[in-house]
Amino acid sequence: MQRVAQTAIEAGKAYARLAGGDAAAGGDGAIGLLRRALLYLPAHDHRKVVKASTLDVDLICLDCEDAVAEARKPDARQAIPDILSSTNFGRSEVAVRINPVDTPHAWHDLEAVLGASTRPHTIVVPKVDTPEQMEWLYDAVQTLSPDSNTKPLHLITQVESAVGLHFLHDICQVGKDRGSAEDRRIIHDGLILGGDDFAASIRARRTPSNRELLLARQQTIVAAARFGLTAIDIVNIHYKQGLDLLEQEASEGAEMGFDGKQVIHPVQVPIVQAAYHPTPQQIDYARRLVDAFNAHSDAGTGAFEFEGTMVDMPTVRQHQQVLWMDNHLQAAAAQK
Ligand SMILES: CCC(=O)SCCNC(=O)CCNC(=O)[C@H](O)C(C)(C)COP(=O)(O)OP(=O)(O)OC[C@H]1O[C@@H](n2cnc3c(N)ncnc32)[C@H](O)[C@@H]1OP(=O)(O)O
Ligand SMILES: O=CC(=O)O
Ligand SMILES: [Mg+2]
């Protein structure tokens, strides 16, 4: 007899096992891996830091990379320790996006992050193109953070070029191999598709349909699923108009299998988070479907008719993910 989780919490654990990642079961306790919206802001812009701290957003990313002009890179880096120790970001996961590892800034950015008295939950590393760059990153963290018993730092890498997409599985493999049970200084648990840099890399023209990014979006989702990582979708830079298009794009990303989306302005946050939030109808349907599956399973039936459609295990697994998301949303709401 094959029974599946009836409660959202059980579903969450089951989904984490399916995804192959213990962190997905809420390994960090407080933050889990709810990453519906990742809000970027330039780290040296104090007003935006203050504004971000007032928002109900899953992930806040203090950017030292492309939001910061070359001449202001030191200002952004130097602001990080003070922001981290003096700002209450509420329930939000807090990340710092360092500069790419093949720039002279990366080492200094890492020094600032790892040396801070309050560390962020997560580092985002842009433009990871090769497994060698991933090895460099792990070596750098080991050197700058010699104590292997420190609280694990989550790592999200960005795929942003043709080369990065080509080597994506090898890059993730380095994260899997180096993040052993003995050394959990960093846990690679997310991928971001940097759609705008990627478009530039393949000489694409950006369109509202995003069809030029379809392959990269799907390959990012597939690699993330294979390695048990969260997958975070492209940015929509049109924050002043076309918010209906943002809603459509976010819903499409959720349907495709992304766990969340990058955003660049506060106005985009609630739209994107709502699009990744299962509706009460979807949650109710998922619960009833899982219950019906278990009843049929007890009676020795695998495939059965449910409200006019055929249901068997793949459909059940899809709906367990709805219950997993609902579980995490409830936990997040309880922390507000
Ligand atoms: C596409 C490739 C990528 O790499 S995307 C990631 C890199 N880019 C970024 O991080 C850009 C982030 N966004 C921004 O810097 C701003 O939103 C830009 C686009 C410059 C617009 O800023 P601004 O002219 O101040 O907007 P506004 O007057 O409409 O702002 C209203 C209030 O909201 C604030 N705000 C704005 N953006 C953010 C943000 N990203 N995070 C937090 N707060 C933000 C503004 O400061 C303003 O609040 P206040 O009036 O200052 O209190
Ligand atoms: O970093 C984000 C991108 O679109 O590029
Ligand atoms: Mg980018």
Side-chain angles (χ1 to χ4, degrees), residues 35 37-70 72-73 75-77 79-80 83 87-90 92-103 105-106 109 122-129 133 156-165 168 190-208 210 212-214 216-217 220 231-243 246 249-250 253 258 260-273:
R35 290 173 170 168
L38 176 159
L39 174 68
Y40 289 109
L41 53 134
H44 61 288
D45 189 330
H46 181 68
R47 285 184 74 98
K48 290 185 174 59
V49 173
V50 172
K51 178 76 174 184
S53 72
T54 67
L55 302 173
D56 179 33
V57 54
D58 292 344
L59 177 45
I60 291 170
C61 185
L62 306 166
D63 193 17
C64 296
E65 200 220 7
D66 283 346
V68 180
E70 191 62 27
R72 303 291 309 274
K73 296 282 186 195
D75 297 340
R77 178 187 309 134
I80 296 291
I83 295 170
T87 317
N88 179 356
F89 289 104
S92 304
E93 179 181 352
V94 178
V96 173
R97 181 162 80 166
I98 66 167
N99 283 282
V101 303
D102 61 357
T103 67
H105 302 297
D109 293 345
T122 302
I123 49 169
V124 172
V125 183
K127 302 182 177 67
V128 179
D129 284 344
Q133 290 181 341
I156 304 178
T157 55
Q158 285 193 262
V159 47
E160 307 207 74
S161 71
V163 177
L165 192 62
L168 188 54
L191 291 178
I192 292 174
L193 175 60
D196 282 277
D197 270 310
F198 183 82
S201 149
I202 62 164
R203 299 192 294 279
R205 292 182 197 163
R206 295 290 281 113
T207 68
N210 296 313
E212 65 281 10
L213 297 178
L214 182 58
R217 287 172 94 191
T220 302
I232 301 174
D233 201 8
I234 55 178
V235 176
N236 186 311
I237 61 173
H238 306 286
Y239 70 96
K240 285 209 163 166
Q241 70 287 106
L243 290 177
L246 174 72
E249 193 177 286
F258 281 105
K261 184 172 181 64
Q262 303 159 90
V263 299
I264 44 86
H265 192 279
V267 75
Q268 296 182 318
V269 171
I271 297 169
V272 166
Q273 292 193 163

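Please read all numbers here as calculations on a predicted model, not as lab measurements. For the single chain, residues carry numbers from 1 onward in sequence order. First listed ligand is number 1; within each ligand, the first listed atom is number 1.
With hydrogens and angles disregarded, a donor-acceptor distance shorter than 3.5 Å links the side chain of Asn99 to the backbone of Cys64. The closest donor-acceptor contact from the side chain of Lys73 to the backbone of Glu65 lies under 3.5 Å. Gln273 places a side-chain N or O within donor-acceptor distance of the main-chain N or O of Asp56, the cut-off being under 3.5 Å.
Against a heavy-atom cut-off of under 4.0 Å, Asp63 is close to the following atoms of ligand 1: 7 (C). Counting atoms of ligand 2 from 1 in the listed order, those under 4.0 Å from a heavy atom of Asp197 are 3 (C), 4 (O), 5 (O). Those atoms of ligand 1 that come under 4.0 Å of a heavy atom in Pro42, given as number and element, are 15 (O). Of all atoms in ligand 1, listed by their number and element, those nearer than 4.0 Å to a heavy atom of Leu39 are 40 (N), 41 (N). Annotation for ligand 2: atoms under 4.0 Å from non-hydrogen atoms of Gly194 are 2 (C), 3 (C), 4 (O), 5 (O).
At least one side-chain heavy atom of Gln158 sits under 4.5 Å from a side-chain heavy atom of Gln262. Side-chain atoms of Leu41 and Ile60, non-hydrogen and from C-beta on, do get closer than 4.5 Å to each other. In this structure, the side chains of Val125 and Gln133 stay at 4.5 Å or more apart for every pair of heavy atoms. Counting heavy atoms from C-beta on, the side chains of Ile98 and His105 never come closer than 4.5 Å. Contact check for Asp196 versus Ile234: no side-chain heavy atoms found under the 4.5 Å cut-off.
Judged by distance alone, the side chains of Asn236 and Gln268 never bring a donor and an acceptor atom under 3.5 Å apart.
Across Val124 and Cys61, no two heavy atoms sit closer than the pair CG2-SG, 4.0 Å. Across all non-hydrogen atoms, the minimal contact from Val159 to Leu193 is O-CD1, 3.5 Å.
Considering only non-hydrogen protein atoms, atom 13 (N) of ligand 1 sits nearest to Ile264 O, 2.7 Å. Given atom 31 (C) of ligand 1, the protein heavy atom at minimum distance is His265 NE2, 3.9 Å. Looking only at heavy atoms of the protein, atom 18 (C) of ligand 1 is closest to Tyr239 OH, 4.2 Å. Counting protein heavy atoms only, atom 38 (C) of ligand 1 is closest to Pro266 CD, 3.3 Å. Atom 4 (O) of ligand 2 has as its closest protein heavy atom Asp196 N, 2.8 Å. Here the protein heavy atom with the shortest distance to atom 3 (C) of ligand 1 is Arg97 NH2, 4.0 Å. Annotation: atom 1 (C) of ligand 1 to nearest protein heavy atom, Asp196 OD2, 3.9 Å. The shortest contact between atom 15 (O) of ligand 1 and any protein heavy atom is with Lys48 CE, 3.6 Å.
Distance remark: protein heavy atom present below 4.0 angstrom from atom 7 (C) of ligand 1. Counting protein heavy atoms under 4.0 angstrom from atom 10 (O) of ligand 1 gives one or more. There is a protein heavy atom less than 4.0 angstrom from atom 21 (C) of ligand 1.
With a cut-off of 2.8 Å, the Mg ion (ligand 3) has no N, O or S atom of Asp66 in range. Not one N, O or S atom of Asp196 sits under 2.8 Å from the Mg ion (ligand 3).
The N, O or S atom of Asp197 with the smallest distance to the Mg ion (ligand 3) is OD2. When the N, O or S atoms of Glu160 are ranked by distance to the Mg ion (ligand 3), OE1 comes first.
The shortest heavy-atom distance from Glu65 to ligand 2 is not under 4.0 Å. Within the structure, the closest approach of Gly195 to ligand 2 falls below 4.0 Å when heavy atoms are considered. At least one heavy atom of Arg97 sits under 4.0 Å from some atom of ligand 2.
Under 4.0 angstrom from ligand 1, there are no non-hydrogen atoms of Asp197.
Between Tyr40 and ligand 2, no N or O atom pair is found at a separation short of 3.5 Å.
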- Ile156/Leu191 under side chain to side chain contact (heavy atoms under 4.5 Å, CB included): CA gap, chis, key distance, verdict: CA-CA 5 Å; Ile156 304 178; Leu191 291 178; 5.7 Å; no
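Among Arg47, Lys51, His46, the residue whose heavy atom lies nearest to atom 43 (N) of ligand 1 is Lys51.
Of the options Lys48, His44, Arg97, a side chain to side chain donor-acceptor pair (under 3.5 Å) to Asp63 is made by Arg97 and by none of the others.
Ion pairing between a basic and an acidic side chain is recognised when a charged N comes within 4.0 Å of a carboxylate O; Arg205 and Glu212 show no such pairing. Asp66 and Lys127 are joined by a salt bridge, as a carboxylate oxygen and a charged side-chain nitrogen come within less than 4.0 angstrom of each other.
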